[in-house]
Each structure stands twice: as structure tokens, then as C-alpha cells.
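Note sheet for the following structure.
Naming convention: chains lettered A, B, ... in sequence-line order (proteins, then strands); numbering from 1 in each chain.
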Amino acid sequence: MDGYPRTLHYVKQDASWEGEGPSHSSARNSYLNHRPMADYQVQKNEGKTNLIINYLPQNMTEKELYSMFVTIGPVESCRVMKDFKTGYSYGFGFVNYSKAEDASRAIGTLNGLQVQNKRLKVSFARPSGEEIKETNLYVTNLPRNITEQYLDMLFGKYGQIVQKNLLKDKLTGMPRGVAFVRFDRRDEAQQAINSLNGVIPENGTEPLVVKIAEEHGKQKAAYYAGWQAGYNQSRGSQQQWHGEGDVLAAVQSPSTRYKEFPGELVWHMENF
DNA sequence: ATTGAGCGC
């Protein structure tokens with residue numbers, strides 16, 4: 001028990017929330033007309049100043065984030081989470097207000113705001129702890145005729161699905177039988193593993209494989225993207241890399257990488 | 001073999 005009531009309330013929300021364009025439907029289902037919001041976000045918001053901002057555009061900086069949120073009120077600190085070495089943004093961040101009323105107002109006015117190709121999600125940050133780690137599941141051996149609705153049916157009964165991504169073949173557009181399902185809490189994800197791993201679904205023939213998604217895969221992607229950005233910048237985008245060997249060799253060789261990608265910064269009022 | 005980015009110093 002984390003001390004928070006699990007009852008869900010319903011809060012009005014723009015019906016057409018999407019993380020990106022039509023081809024990216026992963027975030028869609030979590031943001032239907034009435035988005036469930038846990039009690040602690042509705043009731044116990046007195047004294048809460050710290051917000052988590054999801055679906056930041058890839059190139060949004062801390063300074064830009066600050067500029068956007070300081071329009072509501074004084075900001076104590078502001079950060080975009082990035083790969084430490086490359087500076088590659090993980091697409092989310094935190095804004096801590098000086099006053100709780102401003103945090104509430106920021107949710108009211110900035111949640112759902114379209115910024116470039118993304119729609120920001122603004123909500124109260126939770127205290128970090130074990131119960132909100134390892135919530136993202138990697139699922140394989142799904143039936144090839146799988147739909148998002150069926151994914152919801154399969155996984156939805158074990159907890160609140162925050163986000164899901166049904167992977168499709170790039171050429172044919174057909175489901176690959178692979179999906180990611182992110183739950184709100186660790187125990188929900190674990191319950192889904194316990195109940196569904198090794199189970200053959202009604203319209204399937206193979207036993208599902210359900211496990212915690214690897215998170216270090218993204219480190220490599222960040223490295224790759226960060227290196228590519230730096231490389232293209234210094235070479236005027238004229239040359240291409242040819243393979244992963246080239247990338248790793250370049251990253252590991254002595255360079256000014258750390259100057260080009262200073263890593264994480266926290267912006268405070270005194271920076272302005 | 002694992003996406004885009006939902007919990008950090």
C-alpha cells in the first residue's frame with residue numbers, strides 16, 4: 001500500500017490527444033474524453049508543487065521548458081531528462097513550482113498543449129519509490145490479428161494502462177506480435193506478468209511472453225542519435241556512417257563530445 | 001531482441 005487511495009475519478013480531457021501524428025497511436029487510448037485520474041491527483045494536491053511533463057518534443061531544451069512554465073508563476077527548478085553523455089532527451093521532464101497553486105494552474109492550462117509534433121502531458125509527479133518502477137512490459141507471441149482493443153482486454157484488467165505500443169512491420173503495416181504495455185504501478189505490471197506470461201490467448205496459438213521491458217536498449221539509441229547529431233554537425237551532414245562498428249569506434253575515441261553535449265542541467269530562478 | 005519516451009537528482 002502506498003498510502004494513496006486507488007479510487008478513480010474522471011476528469012474532462014481533450015478527446016484527440018495523440019503523442020504524435022496518426023501513425024503513432026500508442027498514447028491515444030489513454031486519453032479518451034474522460035481520462036481517469038487517481039485520487040491523489042485530484043484531492044491531495046494541496047502542497048504539491050512538483051510536476052512531471054510527458055511527451056516533450058525531442059529538441060525541447062530546459063530553457064524552453066522553463067520559459068513555457070514560468071508564464072504560470074515562479075519556478076523553483078526545471079529539468080529535462082536526458083542521456084548523460086549525449087544529451088539525447090528522453091522526452092520527459094520535471095517542473096517544480098514555488099507555490100502549489102501555480103502547479104495546479106499549470107496542469108489546468110498547459111496539460112494537452114500542442115508543441116511542435118507533441119501534445120504535452122502535465123501532471124503531478126509522484127514521490128519516487130519502488131512501486132512506480134518496472135512498469136513497462138515487453139510482450140511477444142501475440143496473435144497476428146491483434147488489435148489495440150484486444151490488448152486492452154488482455155492487460156487492462158490487471159491495472160491502469162498508461163501507454164501502449166503495438167509494433168508493426170514497417171513495410172506491410174501488419175502487427176509483428178510484439179507490444180509494449182506500460183502500467184501505472186509496479187504491482188499491476190507484475191500481476192499482468194503472473195497472469196499472462198506463458199498463457200495462450202483465446203485467438204492465438206503460441207504462449208505469450210510477458211516480461212519487464214529492457215531499459216538499456218534506449219541507452220544505445222541515445223548514444224547513436226547523439227553521436228549522429230554531433231557528427232552531422234561537425235561534418236556538415238555530408239558523410240554518412242556505415243554501421244554500428246563505426247559508431248562505437250567514434251564514440252569511444254577521444255573527442256570533445258562532452259563539450260558538445262554537456263548533459264543534464266537544472267535551471268533555477270537565479271539563472272535568469 | 002525491444003518502442004518512444006510515465007517519475008530524476
Subject >> Polar contact flag, side-chain donor to acceptor under 3.5 angstrom, A:D187-A:Q191 >> reply: no

From the set [options], return the single nucleotide nearest to any side-chain atom of [X].
{"X": "A:Y55", "options": "B:dA1, B:dA5, B:dT3", "value": "B:dA5"}
{"X": "A:R182", "options": "B:dG8, B:dG4, B:dT3", "value": "B:dG4"}
{"X": "A:K118", "options": "B:dA5, B:dC9, B:dG4", "value": "B:dA5"}
{"X": "A:I132", "options": "B:dT3, B:dC7, B:dG8", "value": "B:dC7"}
{"X": "A:Y138", "options": "B:dT3, B:dA1, B:dC9", "value": "B:dA1"}
{"X": "A:Y88", "options": "B:dG4, B:dA5, B:dT3", "value": "B:dA5"}

Original post:
Whole-Å distance between B:dA1 P and A:E214 CD?
Top reply: 13 Å

Original post:
Nearest-Å distance, NZ (A:K48) to C1' (B:dC7)?
Top reply: 12 Å

Original post:
When hydrophobic residues are tied together by side-chain contacts of less than 4.5 Å, even through go-betweens, does A:V70 share a cluster with A:L65?
Top reply: yes

**OP:** Taking ring pair (Phe, Tyr, Trp, His ring centres under 6.0 Å) as the test, write out the residues that go with A:F94, two or more places apart.
**Re:** none

Subject >> Ring centroids of A:F92 and B:dA5 base under 5.5 Å with planes under 30° >> reply: no

